[in-house]
Amino acid sequence: MDINQILNLLERPVPRYTSYPTANHFKATTKTNLHEKQLESVEGEVSLYFHIPFCRSLCTYCGCFTRIPSDYEKVLSYVDSLVNEIKLVAQKAAKRIRIKHIHFGGGTPTYLAKDDLTKIFSAITQYFSLDSKVEIAVEIDPRTVEHDIIKHLKDFGVNRISLGVQDFNDDVQRVINRIQPFKIISKSVEIIRSLGIDAINFDLMYGLPLQTIEKIQNNIKLALSLEPNRIAYFGYAHMPQMYSHQKPLELHHLPNVKERYEQFIFGRDMLVSKGYCHFGLDHFAQKDDPLTMAYADRSLKRNFQGYTTDIAPTLIGFGVSAISSFRDGFFQNSLKILDYKNKITKGQLSTSKEFILSKDDIIRQSIISQLMCFGKVNLKEVCPNHWEQIYITAKQNLHIFENLTFIQIFDDHTIQITPSGMPLMRLIASCFDAHTTFRWTDESLMTAQKQHSRT
């Protein structure tokens, strides 16, 4: 294995493939009736996602859709819009669906006051039928964890909490504007478990300013001492061309591609040595965790929240910027809060972008999903009538990885990513991306760099 070849490939920007096609290919919607028709026809198991875009302060690494309100009054009308959107969607879809998963993301969902959380949860239970084993997950800033808030969430059925830890080192925390000493994280975990919520996820990051192997080791050691069920170990995506607040981070040492690679490999190996199972791009879980079992039985999925046990074919998104995923396509709510609220007030869906999937898209969606989840795909099983054509279009790029021993190709239809190729999973999956041509010319690289982070 030539480390320089890996590093050269890791420099190349490609999507994270939480969807296919990726959101930058969605088109402006001309009318909302396509979204409405999808809602009216959906039935069976469905998942819900709620986007709460508010935070108390801005973390300088953030790449999420967030806002820092000057006062809480501005949040109240957003909560009302969410409740009205729940009613609106339920009128079109609720009679034939059963909710299997609910996920609250942001922003910081626990930025909301207890009364406002109550309004949202009450609307969900009033207008939708929840499965008896529904998973309800909430992303939480550890600095907002309080006994009363967590108890409130537990009373509404929340049974999984994801804590945004990122890094435990004081100097890194200061640079990224997220001061949360270990004792805050530890206390948060203690409160959550004391109230009977046993499923806890940690988000950790590598590639942040000032991070070193020693600091990564400290992060993993402290995280493991709290025994989270799952750990998502993300690479920081530095994209100041899209997020101007990231630009000041360049005043500090940002790990280069070699340092990032070493930090990931060190963290991965440390987690695996401590009994965590590694799967997909960047997720780790304890051996008895449902996510590990989903990987073992090949039911693991990847969506906008990352790797999941959620196998529902439909995801309905609520709130500004939220994306709904149906069998036939994607629909994204407005990216402007005022526009979102105005449309909901008028009794309209706030759809601003959409993408209707072709048969070819659906095939490639499955191929990319299997590569991203399991590192292996059998084209003949995914598309028995079209696999040869699919392979031919990907052949040129696939052979680059085959020659470098990052993948093995069997009978021109089965692609297996090798252990050394796993860090290049995104790049290998891009061989099957028909919407973005990664021929790796100077021109295509310049275009990709504006839209995607480095591999």
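Any value given below was found using the heavy atoms of this structure, including those in side chains, with hydrogens, waters and symmetry copies removed.
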A.B. asks: Working to the nearest 0.5 angstrom, can you tell me the gap between Q180 CD and R143 CZ?
C.D. replies: 5.5 Å
A.B. asks: Do Y127 and Q91 have side-chain atoms, one donor and one acceptor, less than 3.5 Å apart?
C.D. replies: no
A.B. asks: Kindly state whether the ring of Y276 and the ring of H278 have centres lying under 6.0 angstrom apart.
C.D. replies: no
A.B. asks: If you take all heavy atoms of P142 and G164, which pair is closest and at what distance?
C.D. replies: CD-O, 3.4 Å
A.B. asks: Testing the basics here: between M372 and A429, what is the closest heavy-atom pair and its distance to 0.1 Å?
C.D. replies: SD-CB, 4.0 Å
A.B. asks: Indicate the ring-plane relationship of F279 and H283, choosing parallel, tilted or perpendicular according to the 30° and 60° boundaries.
C.D. replies: tilted
A.B. asks: Establish, from distance only, whether the side-chain atoms of N333 and S350 form a donor-acceptor pair under 3.5 Å.
C.D. replies: yes
A.B. asks: Is the number of heavy atoms from other residues, nucleotides or ligands under 6.0 Å of R327 CZ greater than 12?
C.D. replies: no
A.B. asks: For T345, give me all partners under side-chain hydrogen bond (donor to acceptor under 3.5 Å, both in side chains), at least two apart in sequence or on another chain.
C.D. replies: none
A.B. asks: So which heavy atom on T22 is nearest to which on P15, and how close?
C.D. replies: CG2-CB, 3.4 Å
A.B. asks: Is the shortest side-chain N to carboxylate O distance from R193 to E190 below 4.0 Å?
C.D. replies: no
A.B. asks: Answer yes when R230 and D289 have at least one side-chain N-carboxylate O distance shorter than 4.0 Å, and no when they do not.
C.D. replies: yes
A.B. asks: Does the ring center of F26 lie less than 6.0 Å from the ring center of F330?
C.D. replies: yes
A.B. asks: So does G317 get a backbone contact from the side chain of S324, meaning a donor-acceptor N/O pair under 3.5 Å?
C.D. replies: yes
A.B. asks: F318 vs F128 aromatic rings, parallel, tilted or perpendicular, using cut-offs 30° and 60°?
C.D. replies: perpendicular
A.B. asks: Establish, from distance only, whether the side-chain atoms of K301 and S369 form a donor-acceptor pair under 3.5 Å.
C.D. replies: no
A.B. asks: Check R178 with D167, please: is the shortest side-chain N to carboxylate O separation under 4.0 Å?
C.D. replies: no
A.B. asks: Pick one: which of F50, Y111, F156 meets ring pair (Phe, Tyr, Trp, His ring centres under 6.0 Å) with F104?
C.D. replies: F50
A.B. asks: If we ignore hydrogens and angles and just use 3.5 Å, is the side chain of R98 paired with the main-chain N or O of E45 as donor and acceptor?
C.D. replies: no
A.B. asks: Would you say the side-chain atoms of Q370 and N378 include a donor-acceptor pair closer than 3.5 Å?
C.D. replies: no
A.B. asks: Quick check: does any side chain N or O of T292 sit under 3.5 Å from a backbone N or O of Q286, one acting as donor and the other as acceptor?
C.D. replies: yes
A.B. asks: Around atom CD of Q389, are there more than 12 heavy atoms of other residues, nucleotides or ligands at under 6.0 Å?
C.D. replies: no
A.B. asks: Would F54 and Y78 count as a close aromatic pair, with their ring centres under 6.0 Å?
C.D. replies: yes
A.B. asks: Flag yes if more than 12 heavy atoms outside K100 fall under 6.0 Å of its NZ atom; otherwise flag no.
C.D. replies: yes
A.B. asks: In this structure, is the centre-to-centre distance between the rings of F355 and H435 below 6.0 Å?
C.D. replies: yes
A.B. asks: Could I get the full list of ring pair (Phe, Tyr, Trp, His ring centres under 6.0 Å) partners for F331, not counting sequence neighbours?
C.D. replies: H35, F326
A.B. asks: Could you check whether K151 pairs with D155 (Lys NZ or Arg NE/NH1/NH2 to Asp/Glu carboxylate O, under 4.0 Å)?
C.D. replies: yes
A.B. asks: Check this for me: I311, atom CD1, are more than 12 non-hydrogen atoms of other residues, nucleotides or ligands nearer than 6.0 Å?
C.D. replies: no
